[in-house]
There are 2 protein chains.
Amino acid sequence: MYTIGARSTGHHAASDLRTAIEEDIVTGRVAPGERLDEAGLAVRFGVSRTPVREALQGLAADGLITLRPRRGAVVASPTIPDLMALFEAMTELESACAGLAARRMEAPDHARLWDLWRACLPAVRAGDADAYYDANVRLHEAVYDGAGNPVLAGDTRRLRNRLAPYRRLQLRSPRRLLASHAEHEALAAAIEAGDEALARGRMRGHVGVQGEAFTDFLARLPDTLRAG
Amino acid sequence: MYTIGARSTGHHAASDLRTAIEEDIVTGRVAPGERLDEAGLAVRFGVSRTPVREALQGLAADGLITLRPRRGAVVASPTIPDLMALFEAMTELESACAGLAARRMEAPDHARLWDLWRACLPAVRAGDADAYYDANVRLHEAVYDGAGNPVLAGDTRRLRNRLAPYRRLQLRSPRRLLASHAEHEALAAAIEAGDEALARGRMRGHVGVQGEAFTDFLARLPDTLRAG
DNA sequence: GACGGAACTCTTGTATACAATCGGCGCACG
DNA sequence: CGTGCGCCGATTGTATACAAGAGTTCCGTC
């Protein structure tokens, strides 16, 4: 049995640890640059250092933390150039997914996509950034899966995860929520039409570094980078 | 210090182990599906099981091996659909690199790119598939780096590594060597011209699943899949 | 003779013990 | 008083010991 791309959700202590710590990072409960003490985590989760180390290795492999030899683990704190590279890579991967999704999604998938789009509406109307972020993620995930390529979808998810601590900053303004929702609509239409090039282009514009979303993001960034 | 994308070449036993085992896999010295015994590797490398396990975790994170809970590690043995997904993802990532490289590489980079292209010639003339493969890798790596995006380059490298055990099959025929070399020339020309769309398209055609290269690859595959 | 089950063995997962290196602190010296 | 060196504590890296689950084999039964 060869599972490709999927996150290996084993049943060991190490796997649970991994997801627990990951949660703390992507939700921002532990800040970028913050130290992750092995012994501390061990007592906190009631296990020995061994599974803790395994979890940290895994997080480092996905770029969520940085593991410096003999100097311990810290939550990854990318510089602004790093963040630009991450967003750019994200753009490439997401637009690739969108293109393939346009080629491969079929009627039922389209229906589900529109469902997920409509599910974003309440959050837009309420101006609830957190709720919108979650609904937005589900929509994007549907596109990843719609690409019909577990490898590409896996890499894209990994990147999204890596950016998660910063992504929420993008959606602070009600104006951006509205724009994002409209962009989703155009994207879904392109996918439904099976127009691969258009879908690629619209996804690119949606998450790309040349869009206003990223500019807004950068504008809000310094506050958090000072903290690290 | 936040190194992004780069393989963490630490100085621990674990890191050395990791690269040693990785070598065995990508060069095909250990076949897909083959079991990797922790204790065996430990005695073979003169270390305890702990660093061995760390190395295996890392390899699993990169998809080179499969780690089944309580059942040990085996070299990844993707099915044909898996391989198609891997190649397709590779196509997307490589063409993205090519596009960015077209936008960002400058004169000295172009010169180096042509140097690497010329360095492929002897192997083409000699019909030496292994030598050509190595020179070919160096050329592609130059494109990854030329993209100026360590994240994208890192993901692309990881994928290439994952496919390495199978890639050599593509280059068995002298005819393919010649074709590949010509495709490289066209690619380099597009990059030098700064034509992003053209570079993307040519890279896509070069590594893509619709090309004859992949067809040849599939045709040669059954022999090796039977072995696993 | 074939099939099912239970004990055994082997391997993995986790905990603990030991060793080596890094950062911090204090002291001597300029 | 500022700076550099050496010792000490703390933390990581590795080894070993222990526990638990999976695969296997052998035997009893049908």
Side-chain angles (χ1 to χ4, degrees), chain A residues 1-3 7-22 24-25 30-31 33-77 228, chain B residues 1-3 6-22 24-25 30-77 228:
Chain A
M1 197 170 312
Y2 179 80
T3 49
R7 171 82 60 248
S8 72
T9 73
H11 312 72
H12 326 309
S15 295
D16 301 338
L17 268 184
R18 146 99 205 214
T19 54
I21 302 173
E22 189 171 328
D24 281 356
I25 295 173
V30 300
E34 198 165 323
R35 194 163 161 58
L36 294 172
D37 180 51
E38 290 181 5
L41 292 168
V43 301
R44 176 176 152 201
F45 289 100
V47 295
S48 82
R49 275 179 51 219
T50 308
V52 171
R53 282 179 62 85
E54 283 193 11
L56 293 181
Q57 302 267 138
L59 291 168
D62 280 9
L64 284 165
I65 68 174
T66 302
L67 227 45
R68 290 172 307 178
R70 295 272 178 201
R71 301 188 54 197
V74 296
V75 179
S77 63
Chain B
M1 199 172 313
Y2 180 82
T3 49
R7 170 81 61 250
S8 73
T9 75
H11 312 74
H12 328 308
S15 295
D16 301 338
L17 268 185
R18 147 98 206 217
T19 54
I21 303 174
E22 189 170 328
D24 281 356
I25 295 172
V30 301
E34 199 166 319
R35 197 165 159 55
L36 294 173
D37 180 52
E38 291 180 5
L41 291 168
V43 299
R44 177 177 152 200
F45 289 101
V47 295
S48 82
R49 276 179 50 220
T50 309
V52 171
R53 282 179 62 84
E54 283 192 11
L56 293 180
Q57 302 267 137
L59 291 168
D62 279 8
L64 284 164
I65 68 174
T66 303
L67 228 45
R68 290 171 307 179
R70 294 270 178 203
R71 299 188 55 197
V74 296
V75 178
S77 63

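These figures come from a predicted structure and were not determined experimentally. In what follows, chains are A, B, ... by sequence order, proteins preceding strands, each numbered from 1.
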In whole angstroms, how far is the [atom2] atom of [N] from the [atom1] atom of [X]?
X	N	atom1	atom2	value
B/Arg35	C/dC10	CZ	P	14 Å
B/Arg71	C/dT9	CZ	P	22 Å
B/Leu36	C/dT12	CG	C1'	14 Å
B/Leu56	C/dT11	CG	P	15 Å
B/Arg18	D/dG13	CZ	P	16 Å
B/Glu38	C/dG13	CD	P	6 Å
B/Ile65	C/dT12	CD1	P	11 Å
A/Arg68	D/dG13	CZ	P	11 Å

Report task. Would you mind telling me which residue lines up with the more 5' stretch of DNA chain C, B/Asp37 or A/Ser48, judged by nearest nucleotide? Result ->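 In this pair, the answer is B/Asp37.
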Taking only side-chain N and O atoms of [X], does any of them lie within less than 4.0 angstrom of OP1 or OP2 on [N]?
X	N	answer
A/Thr50	C/dT14	no
B/Arg53	C/dG13	yes
A/Arg49	C/dT16	no

Query raised in the report: So do A/Asp62 and A/Arg18 actually touch side chain to side chain, heavy atoms under 4.5 Å?
Result: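 Result yes, sub-4.5 Å side-chain heavy-atom pair found.
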Query raised in the report: Quick one: which of C/dA20, D/dT14, C/dA15 gets closest to the side chain of A/Arg70?
Result: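 Comparing C/dA20, D/dT14, C/dA15 against the side chain of A/Arg70, the answer is C/dA20.
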Query raised in the report: From C/dT16, C/dG13, D/dT14, pick the nucleotide closest to the side chain of B/Glu54?
Result: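 Taking heavy atoms from C-beta onward, the closest nucleotide is D/dT14.
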Query - Where B/Pro32 and B/Val75 come nearest, the two heavy atoms and their spacing - result: CA-CG1, 3.6 Å
Query - Exercise: identify the closest heavy-atom pair between B/Val52 and B/Glu38 - result: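 Here B/Val52 and B/Glu38 meet closest at CG1-O, 3.9 Å.
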Query - B/Asp37: partners by side-chain hydrogen bond (donor to acceptor under 3.5 Å, both in side chains), with sequence neighbours left out - result: none
Query raised in the report: Out of curiosity, A/Leu17 CG to A/Arg53 CZ, how far, rounded to the nearest 0.5 Å?
Result: 13.5 Å
